[in-house]
Amino acid sequence: MNSRIFALVDCNNFYASCERVFNPKLENEPIVVLSNNDGCIVSRSNEAKELKIPMGAPYFKYKELMNKNGVHVFSSNYTFYGDMSRRVMKSLRMLLPDLEIYSIDEAFVDLSQYRESNLVEISEEIKEKVKQWTGIPISIGIAHTKTLSKVANSIAKKEKESSICDLRKIEKIEEELTILDVEEIWGIASGWGKRLKSIGINTGYDLMKANPEYIRQKISVVGQRIIMELNGYSCIDIERVQKKKSIISSKSFGYKVTEIQEIKEAVSTYAARACEKLRDQKSRVQVISVYLRTSPFEKEDSRYAKSETKVLSTPTSSTAKVITAANKIIEEIYREGYRYQKTGITLLNLINEDYVQESLYEDRSLEREEKITTVMDQVNMQYGTNTIFHASQGTKKDWRVKSDSRSKKYTTSLKELPLVK
DNA sequence: TCTGGGGTCCTAGGACCC
DNA sequence: TCTGGGGTCCTAGGACCC
């Protein structure tokens, strides 16, 4: 049978491991990393996991437990983690060219061409090299489909010594799926999990043996596909094109905001950030969507959430154009009297920048605007983010998020290089 | 007091057309 | 006044992922 072979490479406890790379004293110490605004726990070292601190839990609920146990707490430092991620992915790509970067800390690899080789041996080598080059420990799961390689990877993580799992033998697949809760399967979360359990499907093995047509009715074609994948038929391929189809920029405020002026500053800042990402991938945007909301944990009569979508007259990558449109939406959806928690913008219907060039340049003002944007990008690249920015983004920025315990930008800021004493 | 941010995909239902 | 089916496109919302 000419079946495919996939590997899922996953960095172990990625953000926590990044913090360790330049701070070796943290070896064997419990670490957690918090989300923006120091809101939730988003990464835990093994030692922190042993203290039963759950993933995604609100920080304030576990503060005491962590103090008591001497847990090292870090605010998130995405500039640093992003750079470490690039190093890991670059290392992987040198060793395994047919690679899909799936998230900041994971990559899928097509290993079909290595079917005659000893894949466990190859994986050992890759693991060693990545650790040596970047300081980051990884786990590797090997299987005939992406979904099964996810399962393999979670098994690899539990095997403390090897961190590698080859899950290609049918007996082993069935054995492992029998002891795997159905909600642990990639693509099944608690919503569908509950639905499946109510019809007697409790484990990965139950789902593997379920009737695909029936599951399609109960869930959707997504569920059907998962069953096929569990049975070794590959339905989800490596994604080789990696342009984003939508770009989001959103953040909670550092405190509850009531004034429209501050909200406009925030949304202008996020719009600028989103447009930078847009130009990075050489696209233009045709549709934008902006939302504004209070905390969902407010009492019901003080809750408010609204979003509005706008089609732009011409596809653009100009920050000024997008800021103007975004602020117009804020004016439409803002209501006085609420304590707002968060706003954000999504760029949608992205197209390739060269696709529109001709018609675009009939309008000379657009050409001028693009030149301004290009110059701004260059200045900010050279002298640091937000050296120049649009006036609408504001200069006070009281609404900005807080992050009390951020580590240094060891790898991206000259001022914050680690010192060797 | 304090609960993240950035993505993708699928479906149902309405508008509209012939 | 009665009275149709079939197709496409778009959007909102809901599910999932890390």
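All chains are named by letter (A, B, ...) in the order of the sequence lines, taking the proteins before the strands, and each is independently numbered beginning at 1. Model, not experiment: these values are computed from the prediction.
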(message) Please report the distance separating the P of C:dC18 from the corresponding atom of B:dT3, rounded so that it comes out in whole Å.
(response) 24 Å
(request) Figure out the OH/C1' separation between A:Y291 and C:dT11, and round it to whole Å. (result) 19 Å
(request) Give the dot-bracket string for DNA chain C, reading 5' to 3', where a pair is Watson-Crick or G-U wobble with both distances under 3.5 Å, ( ) marks pairs inside the strand, [ ] marks pairs crossing earlier ones, | marks a partner on another strand, and . marks unpaired. (result) ....||||||||||||||
(message) Would you compute the distance between atom OG of A:S407 and atom NE2 of A:H72 and round it to the nearest 0.5 angstrom?
(response) 13.5 Å
(request) Would you indicate what A:I104 reaches in the nucleic acid, counting non-hydrogen atoms under 4.0 angstrom: base, sugar-phosphate, or nothing? (result) nothing
(message) Please determine whether a side-chain nitrogen or oxygen atom of A:K256 lies at a distance below 4.0 Å from atom OP1 or OP2 of B:dT3.
(response) yes
(message) Whether A:K342 contacts B:dG5 is assessed here as follows: a side-chain N or O lying under 4.0 Å from the phosphate OP1 or OP2. Is that the case?
(response) yes
(request) Decide, applying a 5.5 Å centre-distance limit and a 30° plane-angle limit (both strict), whether A:Y102 stacks on C:dC18. (result) no
(message) It should be established whether A:S250 places a side-chain nitrogen or oxygen under 4.0 Å from OP1 or OP2 of nucleotide B:dG6.
(response) yes
(message) Tell me whether the side-chain N/O atoms of A:R273 come closer than 4.0 Å to OP1 or OP2 in B:dG6.
(response) no
(message) So which atom in A:L292 and which in A:Y334 form the shortest heavy-atom distance, rounded to 0.1 Å?
(response) CD2-CA, 4.0 Å
(message) Suppose we screen for side-chain hydrogen bond (donor to acceptor under 3.5 Å, both in side chains). Which residues come up paired with A:Y81, at least two apart in sequence or across chains?
(response) A:E19
(request) State which residue, out of A:K150, A:K127, A:K157, fulfils the salt bridge (Lys or Arg N to Asp or Glu O under 4.0 Å) condition with A:D10. (result) A:K157
(request) Output yes when at least one side-chain N/O atom of A:S246 is less than 4.0 Å from OP1 or OP2 of B:dT8, else no. (result) yes
(request) Run the salt-bridge test on A:E239 and A:K245 with the 4.0 Å N-O cut-off and return the result as yes or no. (result) no
(message) Is there a side-chain contact between A:K306 and the phosphate of C:dA12, meaning an N or O under 4.0 Å from OP1 or OP2?
(response) no
(request) Mind checking side-chain hydrogen bond (donor to acceptor under 3.5 Å, both in side chains) for A:Q341 and listing every partner two or more places apart, or none if nothing turns up? (result) A:R293
(message) Please compare A:K277 and A:Y78 by the position of their nearest nucleotide in DNA chain B and report the one closer to 5'.
(response) A:Y78
(message) B:dG6, OP1 or OP2 - any side-chain N/O from A:T346 closer than 4.0 Å?
(response) no
